[in-house]
Amino acid sequence: MKKTIITVVGKDTVGIIARVCTYLAENNINILDISQTIVDGFFNMMMVTDTSGTEKNIGELSVQLKQLGEEIGVTIMCQHEDIFNKMHRI
């Protein structure tokens with residue numbers, strides 16, 4: 001299993017989850033865990049995904065998700081689990 005952390009942050013609008021999840025499904029990426037909150041009109045979502053089923057590498061996913069985020073007015077970041085853990089280690 002290749003775990004990847006995807007974060008989505010921005011002003012809340014209709015369809016954010018639908019657009020991101022559609023992209024993931026079209027690329028055979030499974031969502032293992034998901035957390036989503038809206039605070040004072042700002043949307044925040046974090047997903048742990050399994051990217052072992054996709055043919056795309058982490059670089060391609062990152063670029064395409066960033067572009068998707070720009071289209072829908074949010075910031076989307078995609079990081080391999082190991083990098084995410086090292087960046088957030090105390």
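Numbers here are sequence positions counted from 1. All values below come from the heavy atoms of this structure, side chains included, with hydrogens, waters and symmetry mates left out.
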Residues 45-54, side-chain donor-acceptor partners within the protein, below 3.5 Å, at least two apart:
| unit_1 | atom_1 | unit_2 | atom_2 | d |
| --- | --- | --- | --- | --- |
| Thr49 | OG1 | Thr4 | O | 3.0 |
| Asp50 | OD1 | Lys2 | N | 3.3 |
| Asp50 | OD1 | Ser52 | N | 3.0 |
| Asp50 | OD1 | Ser52 | OG | 2.7 |
| Asp50 | OD2 | Ser52 | OG | 3.3 |
| Thr51 | OG1 | Lys2 | O | 3.1 |
| Thr51 | OG1 | Thr4 | OG1 | 3.1 |
| Thr54 | OG1 | Asn27 | O | 3.0 |
| Thr54 | OG1 | Lys56 | N | 3.3 |

Under 3.5 Å, sequence neighbours excluded: what are the donor-acceptor pairs made by side chains of residues 9-22?
| unit_1 | atom_1 | unit_2 | atom_2 | d |
| --- | --- | --- | --- | --- |
| Arg19 | NH2 | Glu71 | OE1 | 2.9 |
| Thr22 | OG1 | Ala18 | O | 2.7 |

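Residue pairs meeting the side-chain hydrogen bond (donor to acceptor under 3.5 Å, both in side chains) criterion with at least one partner in residues 31-47, sequence neighbours excluded, do not occur; the list is empty.
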From CA spacing to verdict: side-chain contact (heavy atoms from CB on, under 4.5 Å), Ile6, Leu65: CA-CA 9 Å; Ile6 298 172; Leu65 284 166; 3.9 Å; yes

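Put simply, Val8 and Ile34 are part of the same group of oily side chains (I, L, V, M, F, W, Y) that touch within less than 4.5 Å, one to the next. In the hydrophobic cluster analysis, where Ile, Leu, Val, Met, Phe, Trp and Tyr join through side-chain heavy atoms closer than 4.5 angstrom, Met77 is grouped apart from Phe42.
At a threshold of 4.5 Å between non-hydrogen side-chain atoms, the residues Leu61 and Tyr23 count as touching. A 4.5 Å side-chain heavy-atom check between Val74 and Leu68 finds every atom pair outside the cut-off.
Atom-to-atom distance recorded for Cys78:SG and Ile58:CD1 is 3.5 Å, nearest 0.5 angstrom.
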